[in-house]
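Structure, as structure tokens:
Numbering starts at 1 and runs along the sequence shown. In listed order, ligands and their atoms are each counted from 1.
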Amino acid sequence: MTGMDTQARPELRLITPNSTMRRSALPLDMGPGSPALLSVSNLVKHYPVRKGLLRREVARVRAVDGVSFDVRAGETFGLVGESGCGKTTTGRAILRLIEPTSGTVSFAGEDVSRLRGSALKAMRRNMQIIFQDPFGSLDPRMPVGSIIAEGLVVHGIGDRAERDALVKQAMQQVGLRPEYARRYPHEFSGGQRQRIGIARTLVLRPKLIVCDEPVSALDVSIQSQVLNLLKDIQADLGLTYIFIAHNLAVVKYIASRVGVMYLGKLVETASSDDLYREPLHPYTRALLSAIPQAKPPLPGEPRRERIVLGGDVPSALNPPSGCRFHTRCPVAMDRCRTEEPVTRDMGGGHTVACHLY
Ligand code: SF4
């Protein structure tokens, strides 16, 4: 282990107006009526299952099946659900790290799904990702300075000296000492490695970052440091996040709006406050009931009952008919088995897909 200062708060005010790393010009407008920076419409990602000599398609894994949501500039949109619900696939399909089967993704008014070649490369600079596994996502043979600078090289930004300056600045922003740029990933702790991953993203000054379970591989004591770092950086640079996680307590802490996914579908979307105060979808209620309460309820306050869902999440290869949640829903009705619920707007940006409403 190095003698690095893991507790140091990052220096967040190093950006000069003329720097190539200057703050995003996008407004930090998070009001309900503000335009969307990102618009995802009916996004689908199916994986064909092929068999036989002719590799005929015999089935499809419906990983993401018609997901739509907007993300406004400057907000953090949390995407939650159990593993296998399609949230990571959604994040990667938005960035076109995997090609969507259908649907559109519009970023700052431009249809990302149609971009090719240099236009797609330029868009990728604006839309970056922080991976879950801070060690697996870093090349162990490269010093961290080179890892962080890699995106700058790919995008042809700056000469050697300028890139070194940008790398130094990014390291300072995430609370890492620039003099450790020559060290290798294995010389850092898990939390420090995730800071390297964040610095690698920040150095390109993206407008949108997909944070794919960025703290779930970290010790609990380190998680809050990394979450606070992400919040500080967002406030300082006006970034927009899509924050993917299975831990609703983590999402509650960082997200301003939340979308709940189940088996490739978005079942509920609301502001973080609304969702945690008054969840509507039975699946959301069950997820929230599993969050440990920090303090016992006051006299007269209802005690939150734990809702234990029966069975496992069904396979995305053969999802249930009607409402996909009906095989586990404690309040399922007959029509839930045959009729797929449409998404209803309950007002105030709160949407839910359930026959109860
Ligand atoms: Fe439950 Fe039916 Fe609502 Fe699905 S539509 S969540 S099965 S009540």
Considering only the protein, which heavy-atom contact is closest to atom 5 (S) of ligand 1, and what is its distance?
-> His355 N, 3.3 Å
Can you tell me the protein heavy atom closest to atom 1 (Fe) of ligand 1 and the distance?
-> Cys329 SG, 2.3 Å
With ring-ring contact (aromatic ring centres under 6.0 Å, His included) as the test, would you mind laying out the steps for Phe77 and Phe243 before giving the verdict?
-> CA-CA 6 Å; Phe77 184 78; Phe243 194 95; over 10 Å; no
Distance in Å, Asp274 CG paired with Met346 CE, rounded so as to fall on 0.5 Å steps | 11.5 Å
List the closest protein heavy-atom neighbour of atom 2 (Fe) of ligand 1: residue, atom name, distance to the nearest 0.1 Å.
-> Cys336 SG, 2.2 Å
N, O or S atom of Cys354 closer to atom 3 (Fe) of ligand 1 than 2.8 Å | yes
Closer than 2.8 Å to atom 4 (Fe) of ligand 1, do we get an N, O or S atom from Cys323, backbone or side chain?
-> yes
From Leu37 CG over to Ser39 OG, what is the distance, rounded to the nearest 0.5 angstrom?
-> 9.5 Å
Measure His281 to ligand 1 on non-hydrogen atoms and call it side chain, backbone, both or neither using the 4.0 Å cut-off.
-> side chain
Donor-acceptor pair between Ser68 and Asn42 side chains, under 3.5 angstrom | no
Take Val44 and Val64, measure what side-chain contact (heavy atoms from CB on, under 4.5 Å) needs, and give me the verdict at the end.
-> CA-CA 5 Å; Val44 172; Val64 178; 5.9 Å; no
Evaluate the side-chain proximity of Ser41 to Val105: yes if any heavy-atom separation is below 4.5 Å, no if none is.
-> no
Heavy-atom contacts with Pro282 under 4.0 Å: which atoms of ligand 1 show up? List them by number with element.
-> 6 (S)
What atoms of ligand 1 come closer than 4.0 angstrom to any heavy atom of Phe325?
-> 6 (S)
